[in-house]
Amino acid sequence: MRYLHTFRTVCEAGSLRAAAGVLHRTEQAVSYQLRKLEEALGMPVFHRGSGRLTPNAAGERLLAFCREMDRDWEALHEQLRDAGADESPLRISAVSGFGRYQLLPLFREGPLADIPIRMRYPIAEDVVRHVESGAADIGFVHRMNAHDRLRHTPVGAEEIVLIAAADSQAMLSCEAASLQQAHFVTYDESDYVFATWFTQVLGAPLSRLSTIAHFEELEEVLDWVATGRGVSIVPAACMVDHEAQGALMALRKPEAPCRNTIYAVQDPARSHPAVERTLQAVRQHARF
């Protein structure tokens, strides 16, 4: 492409010296690029032998192509600008565990990377409020919330696991007797997550839950647990990197896995053109 640009500049400037001034290059550099262009084409594109460089028949056709290409590019650029101006971002509210670790990667480097977004990670009640008020085009929550107007649609599932420091010496297991002695790190909305895990894995909640720390976000929980200062129960997707780095381990009970349904929250009266595509990608990724 840069050789074609140099070629057109030489044709319009009429000489190597004049073209070199326009391109802010030496005459030798301009001459080299013309030679490489002719080598790539396998034919000369200039009449040579006079002081002024003029295109031959092949050069005339190539110059016309360059000018047509410029017009096509300008038209395409204008169309892209118009398309970008018309495309409003998809506004998403999602609970943190699912939103940060399963949903966001779909937009960051996954199948939805071309969709502009505005994403927030509030608690489940606020997700519903954002969709209800029109502040979000779609929401994702980890539990069903009865609502007279909004639609809750199951679109996926997440695994919930008990986590501890990878180098912990404590004899921890997915049994009530062991967990009665553990110190738990909790977080906003952990009540529901813990209750779901206890019900599915143990069959009942613990009679006593010792809490050593509480945080708003899962990142702080993971870091705290990784230091060996407690255990927690979290969506498995959020601790993958820590597990790969050898900082955390997940404890599972093979005969009693814990899975929680993820719901998409929508207002049937409102729509965004990217919503259906987003839901399709979520269903494929979460394998509901």
Side-chain angles (χ1 to χ4, degrees), residues 92-113 117 119-124 127 140-143 156-175 178-202 206 209-262 281-282 285-288:
I92 304 169
S93 284
V95 289
S96 182
F98 178 77
R100 290 183 189 275
Y101 300 101
Q102 292 201 64
L103 185 61
L104 183 59
L106 298 179
F107 292 95
R108 190 174 55 230
E109 65 270 344
L112 305 176
I117 60 171
M119 192 175 294
R120 290 186 284 184
Y121 306 109
I123 61 175
V127 170
F140 293 91
V141 294
H142 51 241
R143 64 176 183 263
E158 60 182 2
E159 182 188 15
I160 298 175
V161 294
L162 175 69
I163 62 170
D167 59 356
S168 175
Q169 299 301 311
M171 298 299 293
L172 184 69
S173 68
C174 298
E175 302 296 338
S178 175
L179 297 176
Q180 292 284 4
Q181 308 303 316
H183 298 295
F184 284 88
V185 182
T186 59
Y187 50 94
D188 288 359
E189 299 199 277
S190 63
D191 286 352
Y192 178 82
V193 177
F194 279 37
T196 300
W197 190 89
F198 289 139
T199 300
Q200 293 189 27
V201 178
L202 301 184
L206 286 183
L209 184 68
S210 173
T211 301
I212 194 171
H214 181 90
F215 298 100
E216 290 186 2
E217 292 292 344
L218 285 166
E219 287 77 7
E220 287 84 357
V221 174
L222 300 176
D223 289 342
W224 197 270
V225 174
T227 64
R229 303 182 67 179
V231 301
S232 192
I233 299 171
V234 301
C238 76
M239 54 88 61
V240 171
D241 289 343
H242 287 72
E243 190 173 32
Q245 295 164 7
L248 293 173
M249 62 178 178
L251 290 89
R252 295 175 172 91
K253 198 172 184 179
E255 67 274 19
C258 182
R259 289 175 68 79
N260 186 57
T261 301
I262 297 297
V282 169
H285 175 76
R287 297 177 183 176
F288 181 76

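Just so it is clear, the values below take in all heavy atoms, side chains as well, and ignore hydrogens, waters and symmetry mates.
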Trainee: Give me the atom names and distance for the closest heavy-atom approach of Gly99 to Ala94.
Mentor: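 Where Gly99 meets Ala94 most closely, the heavy atoms are CA-CB, 3.8 Å.
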Trainee: Does Val234 form a side-chain contact (heavy atoms from CB on, under 4.5 Å) with Leu218? I'd like the steps, not just the answer.
Mentor: CA-CA 8 Å; Val234 301; Leu218 285 166; 3.9 Å; yes
Trainee: Look only at the side chain of Asn260 and the backbone of Thr196, and say whether a donor-acceptor pair between them is shorter than 3.5 Å.
Mentor: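 Such a contact is absent between Asn260 side chain and Thr196 backbone.
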Trainee: Starting at CZ of Arg100, measure out to CE of Met119 and round the result to the nearest 0.5 Å.
Mentor: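 CE of Met119 is found 10.5 Å from CZ of Arg100.
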Trainee: So, do Ser190 and Trp197 sit near enough that their side-chain heavy atoms are less than 4.5 Å apart?
Mentor: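 Not touching, per the 4.5 Å side-chain cut-off.
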Trainee: Heavy-atom distance under 4.5 Å between the side chains of Leu222 and Ile163, does that happen here?
Mentor: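 Yes - at least one pair of side-chain heavy atoms lies under 4.5 Å apart.
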Trainee: In Å and rounded to the nearest 0.5 Å, what is the CD to SG distance from Glu219 to Cys238?
Mentor: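 Here the rounded value is 8.0 Å.
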Trainee: Roughly how far, to the nearest 0.5 Å, is CE of Met239 from CD of Gln245?
Mentor: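 The CD atom of Gln245 sits 11.0 Å away from the CE atom of Met239.
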Trainee: Is there a donor-acceptor pair closer than 3.5 Å between any side-chain N or O of Thr227 and the backbone N or O of Trp224?
Mentor: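 The answer is yes, because a donor-acceptor pair under 3.5 Å joins these two groups.
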Trainee: To the nearest 0.5 Å, tell me how far Ser232 OG sits from Glu220 CD.
Mentor: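 Answer rounded to 0.5 Å: 12.0 Å.
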Trainee: Show the nearest heavy-atom pair for residues Pro111 and Ala281, with the distance to one decimal.
Mentor: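 That closest heavy-atom pairing would be CG-CB, 4.2 Å.
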Trainee: Does Ile117 reach the side chain of Leu104, with side-chain heavy atoms less than 4.5 Å apart?
Mentor: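 Ile117 reaches Leu104 side chain to side chain.
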Trainee: Is there a side-chain contact between Val141 and Tyr192, using heavy atoms and a 4.5 Å cut-off?
Mentor: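 No; the side chains remain at least 4.5 Å from each other.
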Trainee: Check the surroundings of atom CD in Gln180: do more than 12 heavy atoms from other residues, nucleotides or ligands lie under 6.0 Å from it?
Mentor: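 Enclosed: over 12 neighbouring heavy atoms sit under 6.0 Å from CD of Gln180.
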Trainee: Could you state the interatomic distance from CD1 (Ile123) to CD (Glu189), rounded to the nearest 0.5 Å?
Mentor: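 Rounded to the nearest 0.5 Å, the CD1-CD separation comes out at 5.5 Å.
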Trainee: Assess whether side-chain contact (heavy atoms from CB on, under 4.5 Å) is satisfied between Ile233 and Phe184, documenting all intermediate values.
Mentor: CA-CA 8 Å; Ile233 299 171; Phe184 284 88; 4.2 Å; yes
Trainee: Counting C-beta onward and ignoring hydrogens, is there a side-chain heavy-atom pair between Phe198 and Leu179 closer than 4.5 Å?
Mentor: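 When only atoms from C-beta onward are counted, Leu179 and Phe198 do touch, with a gap below 4.5 Å.
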Trainee: Which pairs with one or both residues in residues 93-112 pass ring-ring contact (aromatic ring centres under 6.0 Å, His included), sequence neighbours excluded?
Mentor: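 Pairs touching residues 93-112 that pass the test: Phe98-Phe140.
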Trainee: Picking from Ile262, Ile92, Leu112, what satisfies side chain to side chain contact (heavy atoms under 4.5 Å, CB included) with Leu103?
Mentor: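 Of Ile262, Ile92, Leu112, side chain to side chain contact (heavy atoms under 4.5 Å, CB included) with Leu103 is met by Ile92 alone.
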Trainee: Taking all atoms of both residues into account, what is the closest heavy-atom pair of Tyr187 and Val185, and its distance?
Mentor: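 Scanning both residues, the minimum pair turns out to be CD2-O, 4.3 Å.
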Trainee: Hey, is the main chain of Ser173 close enough, under 3.5 Å, to the side chain of Ser178 for a donor-acceptor pair?
Mentor: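 Side chain of Ser178 to backbone of Ser173, a donor-acceptor pair under 3.5 Å: yes, one is there.
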Trainee: If you measure from CD1 on Ile160 to CZ on Arg259, what distance do you get to the nearest 0.5 Å?
Mentor: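 Here the rounded value is 10.0 Å.
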Trainee: Which pair of heavy atoms, one from Leu172 and one from Ala182, lies closest together, and at what distance?
Mentor: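 The answer is CD1-CB, 4.1 Å.
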Trainee: Over all heavy atoms of both residues, which pair between Glu158 and Pro235 is shortest? Give the atoms and the distance, please.
Mentor: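 Taking every non-hydrogen atom into account, OE1-CB, 3.6 Å.
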Trainee: Can you check whether His242 reaches Asp223 side chain to side chain, under 4.5 Å on heavy atoms?
Mentor: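 Answer yes - side chains close enough.
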Trainee: Do Val231 and Leu251 have side-chain heavy atoms sitting under 4.5 Å apart?
Mentor: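 No, too far: nothing below the 4.5 Å cut-off.
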Trainee: Restricting to side chain to side chain donor-acceptor pair (under 3.5 Å), what partner residues turn up for His183, sequence neighbours left out?
Mentor: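 Scan of His183 (side chain to side chain donor-acceptor pair (under 3.5 Å), adjacent residues dropped) gives Ser210.
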Trainee: Might you point out which heavy atoms bring Arg252 and Ala250 nearest each other, and give the distance in Å?
Mentor: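 So the two residues come closest at NH1-CB, 3.5 Å.
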Trainee: Does any non-hydrogen side-chain atom of Glu217 lie less than 4.5 Å from one of Ser96?
Mentor: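 They are in contact (side-chain heavy atoms under 4.5 Å apart), so the answer is yes.
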